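Read the structure below first, then the notes.
These figures come from a predicted structure and were not determined experimentally. Numbers restart at 1 for each chain; the letters A, B, ... are given by sequence-line order, proteins then strands.
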Amino acid sequence: MVAVAARELHDGEVVFVGIGLPNLACNLARATHAPGLVLIYESGAVGAVPERLPVSIGDPALVTGSLMVCGMADVFQCFLQNGRIEVGFLGGAQVDRWGNINTTVIGDYAHPKVRLPGSGGASEIAAHAHRTLVMAKLDRRAFPEQVDFLTSPGHRCRGIPRRELGLPGAGPVKVITDKAVLEADGTGELVLMAVYPGVRLDDVRAGVGWPLRVRTTLLEVAPPGARELQLLREVLDPQRLYLKG
Amino acid sequence: MVAVAARELHDGEVVFVGIGLPNLACNLARATHAPGLVLIYESGAVGAVPERLPVSIGDPALVTGSLMVCGMADVFQCFLQNGRIEVGFLGGAQVDRWGNINTTVIGDYAHPKVRLPGSGGASEIAAHAHRTLVMAKLDRRAFPEQVDFLTSPGHRCRGIPRRELGLPGAGPVKVITDKAVLEADGTGELVLMAVYPGVRLDDVRAGVGWPLRVRTTLLEVAPPGARELQLLREVLDPQRLYLKG
Amino acid sequence: IAAGCARKLVFSWAGNPGVGSLHAFRRAVEGTGPPLELEEYSHFGMVARFQAGAARLPFWTLRDYAGTDLPTANPLIRTVTCPYTAEQLATVPALNPDVTIVHAQRADRDGNTQIWGLLGVQKEAAFASARVIVVVEELVDTAVIRADPNRTLIPGLVVSAVVVEPWGAHPSYAHGYYDRDNAFYVAWEAISRDEKKLAAWLEQYVYDVPDRAGYLALLAGLTDRLKARTQVSAGVNYGF
Amino acid sequence: IAAGCARKLVFSWAGNPGVGSLHAFRRAVEGTGPPLELEEYSHFGMVARFQAGAARLPFWTLRDYAGTDLPTANPLIRTVTCPYTAEQLATVPALNPDVTIVHAQRADRDGNTQIWGLLGVQKEAAFASARVIVVVEELVDTAVIRADPNRTLIPGLVVSAVVVEPWGAHPSYAHGYYDRDNAFYVAWEAISRDEKKLAAWLEQYVYDVPDRAGYLALLAGLTDRLKARTQVSAGVNYGF
C-alpha cells in the first residue's frame, strides 16, 4: 500500500504530507525514484528530510535540515491556497463513491455514533492540491455510497459537480487501499483500476458500498520490490509504528 | 521644534517614527527623559536604537541592535491596525484647520501644480495611532483652511467628524511648528496653544490661512536646554542633515 | 475535558497526534461523558481566525469549504462577495482570546521572545490576544535578543508575563533543548481510554504536585532520556 | 521614467528617501515631461495588495482610507461589508506581478533564499508573482540553507532564476555586506533635477556599460568605502 502510493509521486513534485502512511510513502519515494520531492508539512516545514520517522506532524526532525520553516498562515495561504502544492495525501474513516471524505463524525453531527478528530487541514488540501491521493483500508463501512459528513470535497458533493463549486484542484485522482487501487473516471466516480496480486474482484466489491464499476482493462498492482521492502522495514519504520507486516 | 516634539513623548510609549525631524525628536527623547521609548519604523524595525542618524527609513542602523525585525505586512496589520502604536508622527506640505494633511498634490489631482511623494504610511498612521503629532514649518501656504487633497485624516474630513468615520485613533492632538504649537480643541479645530519665545501673535496668525483662535491661557514654549542642544548638535545630527541652527 | 474544566471546544482537529483518539473528548461528544459544546473549523479556518484577530479585523477571507458540510455544522462559516470579481469566498470570524500562552526557547524580562523551529500560529495568537503569557526555557539578557532581531517572533510590548520554566513543554518538546516524550503520548492512549486511570493520573500528576518542579520530580531520568543533542547553526553578519 | 521605459506607475510613495523629490517623476506628473499614468495607494494599501496576491485571493481587507480623498483619486479602492458585524471596511485588489526581482544576501542554486535585516514585502511579492528572479550577494551550498531553515524567506519552488551579483544592490545596501552609498543619493538630487545631467548619467552609467562589473569599475574606491564591518550573531541549536 505504501509502496503503491510512493510510485504515484514524480521526482521534483511538491507534496503536502501527513503523518503515518503518507509520510512513509513520501520518504520511500524520496529514497528511491524521487530524490527531488519537496515535502511540506502543515506545521510549517518545507523541504523536510526527516532523519527519523516523525511521530507527529510537529516532529522536530521535520525542521532540522529542512529548506525553510514558515508559520502555518504561510503554509495555508502562500503555499496551499496559492496553488503551489502539486500532490496532497488524504485519509479518512469514510470515502464515498465520488471521492468525498469524512473525518468528522459517523452518524449524525449533533449526536454522533463515533466522533472522529475533524478536518485538520484535510478540507483545504482536498480543495487546493493539484491532485490528491487517498489512502484507506478497504472495508464496506469505510466505503459507503455517501459519506455521513462531507469533510473534504471529492468530485461531486451532494450532487454538485466539483467544477461548479469552483474548487481549484483536480481532486482525488486515486484511492489506494490494501487490496486494490480505485481511480476517478471522467464523471468523477471511483472505479476499480487495479487489484493487488491474489485479490479477487469479489473481495474488492464486498469492501465497497456501491455497485463498483471496473475499468475496461483491469490492472494488477506490482508487488513491492526487495529494495522497497528493505527500506520500509529496516530504515523508514524499523519500529513498525505504521507498518503491519 | 525638535526639542518641543521630544517633550511630547512619555517614557515607555510605542512610537511610529518617520525619518528626519521626527526621528531626531524620538532619539532626543530616548537620550533624555524617555529611555524606554519603543521606536517602530515602517520598514519593520521594532525597538530600534540607531547608532547613527538614519539617512532613510530603511537604514540598516535601524535593524542592528533592535528588538525585532518583521515584515511590512506585520508592521501595518499587527502593530498599527491592531492598535499597538501609541504615537505617530506626521508631516506634510499642507495642514488644514481640522488637522487634515496633504502629502499628495498641490492643486488638482489630475493636473497638479506640484506633485508631492504621496501617502506612504501617513494615511494609516493618521487613522490608527492612538494620537499623532504633526511637525511642519509655519507658513500661510502650508496652513490653508482646507487641504487641496486629503491624504491623512484629521478631526473633521470634508465636513464629517472623525468619530463618525470610525477612525480608531484620536488624531492629531498637537501641531508643532517652528514658531508656535497648535492643539485640537474639543471640536477638533486647531487653536493656538503656545508660542516660542519672542514670537508675536500676529506672526503666527500671518502663517495660518484661517481665523486662528487662541486658547484661553496662551503658553510660552520653553527653549531647549543646554543638554538638549548639545545632544542634537554633537551626537544626534552632527552633520546637520536635518537641523538648521 | 476530563477534569470538567472545559464547557466548549473551538477546534479544527482533536486527536492524539501520531497515536489515535482523544478518549475524554470522544466520551463527551458521543454522549457518555460530561457535555461539551463544539465550534468546529478546519486548520486553515482556525489559522485565518487568528490572523483576523491579530490584524484587528472582524473577519478573514479564504477559499475553502465549498461543497463540504462544515458551514452547515458551523453557521459562523459564512461568505463574502469580492468587490472586484463578484465571486463568493468563505469567511471566518476573528478570534481574539482573553489569554494566549506561548512556549518559547527564550525571552528577555520585557517579554521579547525568540522562537526557532516550528512557529505554528504563535505570532498571530499573541497579537490577537488581550493578554499574552510566555513560558520560556531560558530567560536571557536583552542584549541576546538585540544581537539577532530577526529571530524575535513576539515583541515584549504585547506580552503581559514571562514564566521561566525549563522543561515546561513536557510531554511535548522544545527545539534545541529537549525532544518530545513519545512514550508519554503512547501511554496516554491507555490512560485516557479508562476513566479511572485518567482520574488517578490527574490525582498523581496534577492535583497532588505543588508545582512544575514537583511534576518533573515524578519523571525520573527524563532529562537524560530527552535532552537535545548539539547542532548549532552559524551566525549571520549584522554589521553595516 | 526619464529613460521613457515607464508608461504607468502603481505606487504609494515616490520620493528620494531622506533627500527630497524624484524630479523625473514630478516633471511627468506636473505636465512638463513624458506623460505617466498613476494608480496610487498608501503603503498599507500596497502591502495589502501583495498579501492578496500571495494568498491568491482577489482582494484584501483593511481599515483605512475613511475620510481621505484617496478612494476618489483611485476607484480601485473599494469597500466590503463584514458578514458578522455589518461594518464597512476598505478593500484593495490583489497585485500579481509578472516578475518580481528580489535582492538577497544568499541563496542556493535552487533559489532557496535567506534574508536578514529588513524584510519589506519581499516574501509576499515573491509568492504573488508569476516569476521570481533572486539577485544574491553570495551563492551558497544547500547545506548552508538547511543549517538554519528559519532564515529562509523565499523557497526555491517559487524562484525562476538566481543571479549572483555581489554589490548588486548599489546604490542601496546589503545588510552584512555593504552600506548604503548615501553620497550617491545626495548627488542624485542635482543629477535628476537637470534633464541634461540625467541624460548624461544614463549614457555613462547605464547605456555605455556592458555589465554590472563595468558599472562597478566606474565607482572607484566603492568597496573600501562601504564594506560592512563584522558583527556576527550567535547561532541557535537545531539539535533535538
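When heavy atoms are compared at a cutoff of 4.5 Å, B:Ser66 does not approach chain D at all. Only the side chain of B:Tyr242 has a heavy atom closer than 4.5 Å to any heavy atom of chain D. Of the two parts of D:Glu87, neither the backbone nor the side chain holds a non-hydrogen atom closer than 4.5 Å to a non-hydrogen atom of chain B. For chain B, no part of D:Ser21 is nearby; none of its heavy atoms comes within less than 4.5 Å. Of the atoms belonging to B:Leu165, heavy atoms from both backbone and side chain fall under 4.5 Å from chain D. Heavy atoms closer than 4.5 Å to chain B are found nowhere in D:Leu153, neither backbone nor side chain.
Heavy-atom neighbours of chain D within the stretch residues 75-102 of chain B, taken at a separation under 4.5 angstrom, comprise B:Phe76, B:Gln77, B:Gln81.
The main-chain N or O of B:Gly58 is found under 3.5 Å from a side-chain atom of D:Tyr173 such that the two form a donor-acceptor pair.
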Verify side chain to side chain contact (heavy atoms under 4.5 Å, CB included) between D:Glu30 and B:Lys113, making sure each step is shown before the conclusion. CA-CA 6 Å; D:Glu30 292 167 12; B:Lys113 267 186 278 192; over 6 Å; no

Could you walk me through whether B:Tyr109 and D:Glu40 pass the side-chain hydrogen bond (donor to acceptor under 3.5 Å, both in side chains) check? CA-CA 11 Å; B:Tyr109 183 76; D:Glu40 183 164 3; 2.6 Å; yes

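The closest side-chain donor-acceptor pair between B:Glu42 and D:His43 falls under 3.5 angstrom.
For the atom pair D:Tyr185 OH and B:Ser56 OG, the distance stands at 7.0 Å (nearest 0.5 Å). Rounding to the nearest 0.5 angstrom, the gap separating the CG atom in D:Asn182 from the CZ atom in B:Arg52 is 8.0 Å. Atom OG1 of D:Thr68 and atom CD of B:Glu124 lie 9.5 Å apart (nearest 0.5 Å). We find the CE-NZ distance between B:Met72 and D:Lys123 to be 13.5 Å, quoted to the nearest 0.5 Å. One distance of note links CZ of D:Arg26 with CG of B:Leu116; it measures 7.5 Å at 0.5 Å rounding. In this structure, CG on B:Leu150 lies 8.5 Å from CG on D:Leu70, to the nearest 0.5 angstrom.
Between chain D and the options B:Ala73, B:Pro112, B:Gly120, heavy-atom pairs under 4.5 Å are most frequent for B:Gly120. Between chain B and the options D:Leu38, D:Val121, D:Asp179, the largest number of non-hydrogen pairs under 4.5 Å is found for D:Asp179. When D:Ser12, D:Gly15, D:Ala28 are compared by the number of non-hydrogen pairs under 4.5 Å with chain B, D:Ser12 comes out ahead. Per-residue heavy-atom pair counts under 4.5 Å with chain B were compared for D:Phe44, D:Phe50, D:Trp13, and the maximum is reached by D:Phe44.
Surrounding CZ of B:Arg158 are more than 12 heavy atoms belonging to other residues, nucleotides or ligands, all under 6.0 Å away.
At least one side-chain heavy atom of B:Ser123 sits under 4.5 Å from a side-chain heavy atom of D:Tyr65. Using a 4.5 Å heavy-atom cutoff, the side chains of D:Arg180 and B:Asp59 are not in contact.
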